[in-house]
Amino acid sequence: MTATAADFQSPVDRMSQGRWLYTRRWDLIFISLSVVLVTVPYLSWLLVRDVLHIESDIGRQGVNLAVAVLIGGPHMYTTFTRTAFDKNYRSKHRAILVSSLVIPVVVISLALSNLPLLLTIFFFWASIHVLHQIVYVVESYNEKAKTAPGKTSLTPLSKAVDFAVVLTALYPLAAYRIAVTQDFTIGPTALNDVIPNIFEQPWVVVLAFLVFGVSLVAFIVKTVTEFREGTAHVPKVVFISVTVTASFIVPALGNLDTAFQGMNVWHSFQYLALTWYANRLREERGQLDRQPLLKSISEEGHARKYYGFNLLMTFGAGILIAISFMVLYFLLGGKWADPRYAFETSYYIGVLSILWIHYYHDHFLFTKTDSMVA
C-alpha cells in the first residue's frame with residue numbers, strides 16, 4: 001500500500017485541512033492571533049499617562065484619534081466598497097442606501113441634545129455590531145467546512161453552543177460595572193445616568209455570569225468531545241477561544257473608553273481583511289469587471305492600494321469633525337465654549353454619522369456568509 005501525504009498529517013492538521021477561510025497563515029495573522037492588537041490602545045494610553053506624564057484625558061483623546069485615523073476610519077469606509085460604491089448593490093438595494101441618510105440626522109440631534117444617550121446607544125449598538133461580525137466569521141467557517149474533506153460537527157446544538165459562548169462573553173463584567181461598581185464611564189460621560197434602572201439590579205449580574213458560565217462549560221465539553229471524535233473544526237475553535245478570552249477581560253479594565261478601543265482595533269483589523277477577501281473573490285468571479293476603481297483595489301497584490309483608498313476616505317470624517325467643532329465652539333458657544341467638550345461632541349458627530357451607517361449596512365452584509373467561500 002502506498003503512503004499518501006494525508007497519512008503523515010497530525011490529527012490537528014487533518015481537522016484543519018480545507019477549513020481555513022483563505023490560508024492558515026492569513027487566518028492566524030488577520031483573524032485570530034491579531035487579538036494581540038486589543039492591548040495596543042490601552043498600553044499606549046498607560047505609556048502616555050505614566051511614562052510621558054501627559055494628562056490622562058489628553059492621552060485618551062489622542063489614542064481615540066489615532067485609532068480613528070489609522071484603522072477605525074478605513075474599516076468603516078471599506079463597507080461602502082460593497083454597498084454605496086458598488087453599482088450592482090445600488091441597483092438592487094436602493095431602499096437600504098436611501099434609509100441610511102436618516103442616521104446622520106439622528107446622530108447630530110442626539111449629540112447636541114443628549115450626548116450621554118448618544119454614547120449609550122453607541123456602546124450597545126457597537127457591541128451588537130462586534131458580536132454580529134464574530135457570528136459572521138463563525139458562520140463563514142461553518143460554510144467553509146461544508147466543502148472541506150473529513151467530518152465536521154455542524155449540528156444545530158454544536159452551532160448553538162458556539163454562538164452562545166461568543167455572544168455572552170462580553171457582558172458579565174460589563175454588567176458588574178453597571179450594577180455593582182456603577183462606574184461604567186466612557187471618557188467624561190457616566191452612562192449610568194442614562195442606562196435604564198433594570199440593568200443596575202444585582203440579579204442582572206448573576207444572570208449574565210450564569211448564562212456565560214453555562215455556555216463556556218458547554219463549549220469546552222463540546223470541543224473536547226469533537227477532538228476525541230476527530231470532528232473538531234480547529235480554525236473555528238482557535239477563533240472562538242481567543243474571542244471569548246478578549247471579550248470577557250476587556251470590560252474589567254479601568255479606562256473603558258480606551259479598553260473598548262482595543263476591541264475596536266481588533267475588530268477593524270479583522271474587518272479590513274475580511275472585506276478585502278470578499279472583494280477579491282468578487283473580482284475573481286468577474287463581478288467587478290465594469291467597475292474599474294473597485295476592481296483595481298480588489299485585485300490580488302493590491303492590498304496596500306485598497307488600504308490607501310480607505311485611508312484617504314477617512315479624511316472625510318476629519319473634515320466633518322473640523323466643521324462641527326468650528327460651529328460648536330465659535331458660533332454656538334455655551335457649554336461648547338469649553339474646547340474639550342466641543343471637540344468631544346464634534347468627534348462623535350463626525351465619527352458616528354458614518355460609523356452607524358456602516359453598522360446598518362453590515363447587518364445586511366453579515367447575512368451573506370457564502371461571500372467568504374471561494
Side-chain angles (χ1 to χ4, degrees), residues 19-38 40 67-90 129-130 132-141 143-144 235-236 238-239 242-243 263-317 354-355 357-374:
R19 290 170 172 79
W20 301 101
L21 293 179
Y22 187 16
T23 65
R24 178 173 64 181
R25 183 174 182 271
W26 187 88
D27 281 37
L28 291 177
I29 290 175
F30 292 103
I31 305 301
S32 296
L33 299 189
S34 54
V35 68
V36 298
L37 294 173
V38 172
V40 173
V67 169
V69 170
L70 296 177
I71 193 163
H75 114 276
M76 69 183 181
Y77 278 104
T78 193
T79 301
F80 306 129
T81 64
R82 295 182 65 189
T83 58
F85 299 157
D86 183 355
K87 67 178 183 180
N88 297 324
Y89 191 93
R90 291 197 303 269
H129 174 68
V130 169
H132 198 178
Q133 178 169 305
I134 292 168
V135 169
Y136 173 69
V137 174
V138 171
E139 272 291 83
S140 296
Y141 275 126
E143 287 290 328
K144 189 72 174 181
K236 184 173 69 171
V238 172
F239 172 70
V242 298
T243 297
M263 291 296 289
N264 181 34
V265 167
W266 185 37
H267 158 84
S268 300
F269 188 76
Q270 280 181 353
Y271 188 90
L272 283 164
L274 290 167
T275 307
W276 171 83
Y277 185 51
N279 282 341
R280 196 180 73 81
L281 292 177
R282 293 166 65 213
E283 190 275 328
E284 288 182 350
R285 295 171 186 142
Q287 296 172 353
L288 303 180
D289 285 349
R290 296 184 179 181
Q291 303 186 75
L293 174 61
L294 295 184
K295 181 177 175 62
S296 174
I297 64 175
S298 303
E299 292 175 333
E300 180 69 32
H302 287 188
R304 291 182 180 178
K305 183 185 290 187
Y306 160 80
Y307 172 74
F309 171 79
N310 290 295
L311 181 63
L312 182 63
M313 291 297 298
T314 302
F315 288 102
I354 307 299
L355 188 66
I357 295 176
H358 151 79
Y359 290 170
Y360 180 61
H361 288 187
D362 275 339
H363 287 314
F364 298 98
L365 294 177
F366 284 163
T367 64
K368 309 292 185 181
T369 52
D370 57 345
S371 64
M372 295 301 297
V373 180

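Counting from 1, the numbers follow the sequence of the chain as shown.
- The distance between the ring centers of Phe85 and Tyr89 does not fall below 6.0 angstrom.
- Using a 4.5 Å heavy-atom threshold, the side chains of Asp362 and His132 count as separate.
- In this structure the side chain of His75 reaches within 4.5 angstrom of the side chain of Leu272, judged on heavy atoms.
- The ring-ring contact (aromatic ring centres under 6.0 Å, His included) test applied to Phe30 returns Trp26, Phe269, not counting sequence neighbours.
- At distances below 3.5 Å, at least one donor-acceptor pair connects side-chain atoms of Thr314 with backbone N or O atoms of Asn310.
- The side chain to side chain contact (heavy atoms under 4.5 Å, CB included) test with Asn279 singles out one residue from Thr81, Asp86, Leu274, and that residue is Thr81.
- Considering only residues two or more places apart in sequence or on other chains, Tyr307 meets the ring-ring contact (aromatic ring centres under 6.0 Å, His included) condition with none of them.
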**Q.** Intermediate values then yes/no, side chain to side chain contact (heavy atoms under 4.5 Å, CB included), Leu288 and Glu299
**A.** CA-CA 10 Å; Leu288 303 180; Glu299 292 175 333; over 6 Å; no
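- Rounding to the nearest 0.5 Å gives a distance of 4.0 Å between OH of Tyr77 and CD1 of Ile354.
- Across every non-hydrogen atom of Ser268 and Gly72, the tightest pair is OG-CA, 4.0 Å.
- The distance from the NZ atom of Lys144 to the CD atom of Glu139 is 15.0 Å, given to the nearest 0.5 Å.
- Listed here is the closest heavy atom pair of Ala68 and Pro74: O-CD, 3.9 Å.
- Between the CG atom of Leu21 and the OG atom of Ser32 there is a distance of 8.5 Å, given to the nearest 0.5 Å.
- Leu311 contributes atom CG, which lies 7.0 Å from atom CG of Leu70 (distance to the nearest 0.5 angstrom).
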Q: Kindly determine whether Phe80 and His361 satisfy ring-ring contact (aromatic ring centres under 6.0 Å, His included), including the steps that lead there.
A: CA-CA 8 Å; Phe80 306 129; His361 288 187; 5.7 Å; yes
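- For Phe315, there are no ring-ring contact (aromatic ring centres under 6.0 Å, His included) partners, not counting sequence neighbours.
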Q: For Trp266 and Thr243, run side chain to side chain contact (heavy atoms under 4.5 Å, CB included): C-alpha distance rounded to whole Å, both residues' side-chain angles, the deciding distance at 0.1 Å, then the answer.
A: CA-CA 10 Å; Trp266 185 37; Thr243 297; 3.4 Å; yes
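- Judged as a side chain to side chain contact (heavy atoms under 4.5 Å, CB included), and not counting sequence neighbours, the contacts of Lys236 are Val138, Tyr141, Asn142, Leu154, Asp162, His233, Ile240.
- Side-chain N or O atoms of Gln270 include one that pairs as donor or acceptor with a backbone N or O of Ile31 at under 3.5 Å.
- The side-chain heavy atoms of Asn264 and Val67, taken from C-beta on, include a pair separated by under 4.5 Å.
- The distance from the OG atom of Ser140 to the CD atom of Gln133 is 10.0 Å, given to the nearest 0.5 Å.
- Counting non-hydrogen atoms of other residues, nucleotides and ligands closer than 6.0 Å to CZ of Arg290 gives a total of 12 or fewer.
- Scanning for side chain to side chain donor-acceptor pair (under 3.5 Å) contacts around Thr79 gives Tyr271, His358, with sequence neighbours left out.
- With a 6.0 Å radius and a threshold of 12 heavy atoms from other residues, nucleotides or ligands, Lys368 has its NZ atom at or below the threshold.
- Panel note: side chain Ser296, backbone Leu293; no donor-acceptor pair is recorded below 3.5 Å.
- For the atom pair His363 NE2 and Tyr136 OH, the distance stands at 14.0 Å (nearest 0.5 Å).
- Contacts of Phe239 classified as ring-ring contact (aromatic ring centres under 6.0 Å, His included), with partners at least two apart in sequence or in another chain: none.
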Q: Run the numbers on Ile297 and His302 for side chain to side chain contact (heavy atoms under 4.5 Å, CB included), then give the verdict.
A: CA-CA 6 Å; Ile297 64 175; His302 287 188; 5.7 Å; no
**Q.** Tyr306 vs Thr275, side chain to side chain contact (heavy atoms under 4.5 Å, CB included): CA-CA, chis, key distance, verdict
**A.** CA-CA 10 Å; Tyr306 160 80; Thr275 307; 3.5 Å; yes
